[in-house]
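Structure first, then comments.
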Amino acid sequence: MSSGSSIPGARPVGRDHLMASPVEVAPALLGLVLAVGGRAGRIVEVEAYLGVEDPASHAHRGPTARNATMFGTAGLLYVYFVYGMHWCANVVTGPEGEGGAVLVRALSPMAGLDEMRTARPRARRDRDLCNGPAKLAQALGIDGTHNGVDVCDPDSPVRLLDDGGRPTVEPVSGPRIGISRAVDAPWRWYLPDDPHVSKGLPTR
DNA sequence: CGTTTGATGCTCT
DNA sequence: GAGCATCAAACGG
């Protein structure tokens with residue numbers, strides 16, 4: 001058996017689909033699949049973060065040791081550590097050097113649920129496995145060792161896949177969650193009827 | 001239900 | 001020293 005996903009018909013997303021700005025790419029990621037080993041989920045909530053021009057972005061102050069991945073090639077996974085205990089995962093998008101990325105905020109679990117439950121013993125219901133950016137990282141086993149991997153590479157430990165599944169409803173956009181600056185930019189997108197969207201509330 | 005608070009450590013000022 | 005792209009438990013009604 002290969003280490004490929006167990007998602008029928010899934011193929012890697014081409015890097016050319018990630019070359020536009022994060023604001024354009026983010027809603028287009030809804031419905032795609034994020035996979036780590038045998039664990040996978042469909043993306044139901046995302047947020048766009050731009051480069052230096054976005055005061056809420058980690059890239060706002062230019063490249064540093066922490067955010068260096070954001071300034072790399074589209075398709076790299078930017079994984080960061082926050083609040084002293086949580087990991088969150090982004091897909092780098094847009095031209096290299098600009099620092100744009102899309103934060104994956106929630107997944108609808110598709111495969112490897114037993115592994116996810118083991119990785120997230122505090123989650124009481126399956127709908128709580130991946131309904132938040134740090135929750136899905138924990139459920140899939142994503143941490144700092146995955147920073148900089150290429151989600152377009154079939155051999156990467158973290159992959160972005162397209163299985164042909166498409167949202168049946170129009171994505172809703174609104175303010176990003178958990179930020180203190182640029183709070184009005186409506187750069188969060190989610191599928192309004194999906195129970196796996198996070199429960200975070202916009203600041204303000 | 002809703003709101004509040006403690007945990008915990010890295011990054012940049 | 002302040003702030004953090006969060007989460008879960010502990011409250012109160």
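Because only heavy atoms are used, hydrogens play no part in the values below, and waters and symmetry mates are left out as well, while side chains stay in. From a predicted model like this one, the values you see are computed outputs, not experimental measurements. Labels below follow one simple rule: chain letters A, B, ... track the order of the sequence lines, proteins then strands, and each chain is numbered from 1.
- As rounded to whole Å, 15 Å separates atom P of C:dA5 from atom CG of A:L50.
- Taking only distance into account, the side chain of A:Y83 never meets the base of B:dA7 through a donor-acceptor pair shorter than 3.5 Å.
- Among the heavy atoms of the strands lying under 4.0 Å from A:R120 are primed sugar atoms or P, OP1, OP2 only; no base atom is included.
- Among all heavy-atom pairs drawn from A:L191 and A:I43, the shortest one is CD1-O, 4.4 Å.
- Considering all non-hydrogen atoms of both residues, A:M70 and A:S57 come closest at CE-OG, 3.6 Å.
- Paired with A:T93 under the rule side-chain contact (heavy atoms from CB on, under 4.5 Å), one option of A:V25, A:L76, A:L50 passes, and it is A:V25.
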Give the dot-bracket string for DNA chain B, reading 5' to 3', where a pair is Watson-Crick or G-U wobble with both distances under 3.5 Å, ( ) marks pairs inside the strand, [ ] marks pairs crossing earlier ones, | marks a partner on another strand, and . marks unpaired. |||||||.||||.
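- A:R181 has no side-chain polar atom (N or O) that falls below the 4.0 Å cut-off from OP1 or OP2 of C:dG3.
- Distance A:N67 CG to C:dA5 P: 12 Å, rounded to the nearest Å.
- Counting heavy-atom neighbours within 6.0 Å of A:R117 CZ, excluding the residue itself, gives a total above 12.
- One atom, NZ of A:K199, and another, P of B:dC1, lie 10 Å apart when rounded to the nearest Å.
- Between A:R176 atom CZ and C:dT6 atom C1' there is a gap of 17 Å when expressed in whole angstrom units.
- Between A:T64 and B:dC12 there is a side-chain N or O to OP1 or OP2 distance below 4.0 Å.
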N/O-N/O pairs, protein side and nucleotides 9-13 of chain C side, under 3.5 Å:
unit_1 : atom_1 : unit_2 : atom_2 : d
C:dA9  : OP1    : A:R122 : NE     : 3.4
C:dA9  : OP1    : A:R122 : NH2    : 3.3

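- Following rounding to the nearest Å, A:M85 (CE) and B:dT5 (C1') show an atom-to-atom distance of 12 Å.
- Remark: ring of A:Y80 does not overlap the six-membered base ring of C:dA5 in a stacked fashion, as centroids less than 5.5 Å apart with planes less than 30° apart are not both met.
- At the heavy-atom level, A:I179 lies under 4.0 Å from the strands shown only through sugar-phosphate atoms.
- Evaluation of the ring-ring contact (aromatic ring centres under 6.0 Å, His included) rule for A:Y80 yields A:H58, A:Y78 as partners, not counting sequence neighbours.
- For the pair A:H58 and C:dA5, the criterion of a side-chain N or O lying under 4.0 Å from OP1 or OP2 is met.
- A straight line from CG of A:D54 to P of C:dA5 spans 11 Å, rounded to a whole angstrom.
- The pair A:R176-A:E47 does not meet the salt-bridge criterion, since no charged nitrogen lies less than 4.0 angstrom from a carboxylate oxygen.
- Counting all heavy atoms, side chain and backbone alike, A:C88 lies closest to A:V82 at SG-CG1, 4.3 Å.
- A:D163 has a carboxylate O that lies under 4.0 Å from a charged side-chain N of A:R42, or vice versa, which qualifies the two as a salt bridge.
- Note on A:K135: a side-chain N or O is less than 4.0 Å away from OP1 or OP2 of C:dA8.
- The distance between atom CG of A:L136 and atom P of C:dA8, rounded to the nearest whole Å, is 12 Å.
- A salt bridge does not link A:R122 to A:D128: none of the charged side-chain nitrogens sits closer than 4.0 Å to a carboxylate oxygen.
- Taking each heavy atom of A:L136 and A:L34 in turn, the nearest pair found is CD1-CD2, 4.3 Å.
- Regarding contacts with the backbone of C:dC4, a side-chain N or O of A:S180 is found under 4.0 angstrom from either OP1 or OP2.
- Taking atom CZ on A:R66 and atom P on C:dG3, their separation rounds to 15 Å, with Å as the unit.
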